Trainee: 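Take a look at the following structure, please.
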Amino acid sequence: MQTEQNLLKRRDVGALRTVEAAFRSGPFAELLDSAPELERRSGMTREEFEQEYRFKRRPVVLEGYAADWPSVRGWSFRYLAGRCADVPVVVDSYSSRAARKTTFGEFVTRLEESAGSGAAPLYLQEWYYQINAPEIAEDMPELDIAQYDFRRNLYGEAASTNHQLWIGQQGGITRLHQDAYSVDVMHAQILGEKLWFIMGPEAELVPGPDGEAGLDALCASPDTRLMRFVLRPGDVLYLPALWFHRIELLSDSIGLGRKCLDEVNVRAHVRQRIGELLALALNPDELRVTHSELFEVVIARARALADRMDIDLSRLRQ
Ligand SMILES: O=C(O)CCC(=O)C(=O)O
């Protein structure tokens, strides 16, 4: 097996810990406060967005672009619990040791009970709500700027609206990662505030001659392109494919993770999708090692896609 040298791209526990530690202390952590702010634009038209950002692969925050969504105007944890009380969810799914199954109603009760207790913040990450709670989608209307999503052509309409909700407590963290399958991130903030750090696709953290992660080189390289910003209710982030991102919840928060496949990335997307499916089918043990923290997330993603494409996962047995 080839070993990925860039620690930012690896998904094994050792690499995840090293990268997360770099955000907490040392030369890279010191840089975070002075990182430049990502550009924010308000009142932008779809045409301006396409010409000035999407075609140039430039990230941007579209301030207040989703401000009139019913979810932005009306949602709270309690309100959602009223609508989705018995819906099954997996909380803290990004850590194989912390992940556990519960219902959405119980998750919200635990959020309320543990608020301010000093316990580790709870985070419901990458919740494919369309599977068990499709009715809440009406509160998050489709974005006109997201209509370029080529997955509609590849997989059909339902799969292209296979979005995820991210619901968690102040202090929750999503570790640095690149989104799989070369999709653009279009993240809409619904409730609360999140601090994002992003880095360009060429950012690299490799071990130096002493074997330690080369943090000074990461800080110094023009490829790193570190930026920061806070996403507030109604804001929509456009982050082109393969940009790294790490998120910290500044308050209790709900965000909608919406992905878009740009036509220019179709080949890379198909290659990654097929590669992952082949690995799952032919070499799941290896995938368990390389994605030890995220193996169940990979399975959940594949199940969600099959569901949205109306694929019967038992059909090989027929
Ligand atoms: O909000 C988060 O914690 C993570 C969101 C994310 O990674 C995404 O939308 O791609």
Side-chain angles (χ1 to χ4, degrees), residues 8-9 11 16 19-20 23 38 57 59-62 65-66 69 71-72 75 77 80 89-95 98-99 107 111 120-130 140 143 145-146 149 151 160-201 203 227-262 265 269 272 291 293-294 297-298 300-301 304-305:
L8 304 177
K9 294 189 179 209
R11 307 263 57 94
L16 293 176
V19 173
E20 188 52 30
F23 274 89
L38 177 63
R57 321 295 300 147
V60 65
V61 172
L62 293 97
Y65 206 79
W69 281 9
S71 51
V72 174
W75 277 12
F77 290 169
L80 265 191
V89 291
V90 179
V91 178
D92 293 331
S93 58
Y94 270 40
S95 161
F107 164 63
L111 279 182
L122 297 168
Y123 204 175
L124 172 54
Q125 289 163 299
E126 210 176 316
W127 173 32
Y128 289 94
Y129 61 93
Q130 301 260 17
M140 297 168 280
L143 293 163
I145 52 166
D149 187 359
R151 292 178 309 166
S160 75
T161 54
N162 188 20
H163 310 325
Q164 320 108 38
L165 279 165
W166 300 75
I167 304 181
Q169 268 175 324
Q170 178 177 19
I173 281 175
T174 297
R175 286 184 292 226
L176 188 84
H177 65 282
Q178 286 175 309
D179 273 27
Y181 325 124
S182 294
V183 286
D184 299 343
V185 172
M186 220 169 250
H187 195 101
Q189 187 66 15
I190 292 174
L191 179 90
E193 297 191 348
K194 287 198 288 214
L195 172 62
W196 290 63
F197 290 104
I198 60 174
M199 286 193 271
M227 283 183 270
R228 56 178 286 146
F229 55 92
V230 173
L231 220 54
R232 304 194 175 85
D235 290 349
V236 176
L237 164 70
Y238 163 71
L239 193 62
L242 300 178
W243 275 71
F244 293 95
H245 43 294
R246 178 188 185 270
I247 294 94
E248 192 175 323
L249 275 54
L250 298 179
S251 60
D252 293 352
S253 161
I254 303 179
L256 177 73
R258 198 225 182 284
K259 311 296 169 187
C260 284
L261 175 60
D262 199 303
N265 292 322
H269 171 86
Q272 286 163 23
H291 287 64
E293 288 288 80
L294 292 174
V297 175
V298 170
R301 270 182 207 149
L305 183 65

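These numbers were taken from a predicted model, which means no experiment stands behind them. Every heavy atom of this structure was used, including side-chain atoms; hydrogens, water molecules and symmetry mates were not. Read the numbers this way: they start at 1 and go in the same order the structure lists the ligands and their atoms.
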Trainee: For the residue pair His187 and Trp196, does the interplanar ring angle fall in the parallel (under 30°), tilted (30 to 60°) or perpendicular (over 60°) class?
Mentor: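 Because their plane-to-plane angle is over 60°, the rings of His187 and Trp196 count as perpendicular.
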Trainee: Of all the atoms in ligand 1, which lie at a distance below 4.0 Å from a heavy atom belonging to Tyr123?
Mentor: 1 (O), 2 (C), 3 (O)
Trainee: Does Ser253 reach the main-chain N or O of Gly192 with its side chain, forming a donor-acceptor pair under 3.5 Å?
Mentor: no
Trainee: Determine whether Trp127 and Gln164 make a side-chain contact, defined as any pair of heavy atoms from C-beta on separated by less than 4.5 Å.
Mentor: no
Trainee: Counting N and O atoms only, with roles assigned by atom type, does the side chain of Asp184 sit under 3.5 Å from a partner on the main chain of Leu261, one being a donor and the other an acceptor?
Mentor: no
Trainee: Show the atoms of ligand 1 that are less than 4.0 angstrom away from any heavy atom in Lys194.
Mentor: 1 (O), 2 (C)
Trainee: Give yes if a backbone or side-chain nitrogen or oxygen of Asp179 is under 3.5 Å from a nitrogen or oxygen of ligand 1, and no if not.
Mentor: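 Yes, Asp179 has an N/O under 3.5 Å of an N/O on ligand 1.
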Trainee: Enumerate the atoms of ligand 1 whose separation from the nearest heavy atom of Lys259 is less than 4.0 angstrom.
Mentor: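 The atoms of ligand 1 under 4.0 Å from a heavy atom of Lys259 are 8 (C), 9 (O), 10 (O).
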Trainee: Is the shortest side-chain heavy-atom distance between Tyr181 and Asn265 below 4.5 Å?
Mentor: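 When only atoms from C-beta onward are counted, Asn265 and Tyr181 do not touch, as no gap falls below 4.5 Å.
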Trainee: Would you mind running through ligand 1 and noting each atom that sits below 4.0 Å from a heavy atom of Val185?
Mentor: 9 (O), 10 (O)
Trainee: Check each atom of ligand 1 against the heavy atoms of His177 and keep those under 4.0 Å away; list them by number with element.
Mentor: 7 (O)
Trainee: Out of Arg246, Arg258, His187, His245, who is nearest to atom 5 (C) of ligand 1 when you count heavy atoms only?
Mentor: His187
Trainee: Could you check if a side-chain atom of Phe77 sits within less than 4.5 angstrom of a side-chain atom of Asp252, using non-hydrogen atoms only?
Mentor: yes
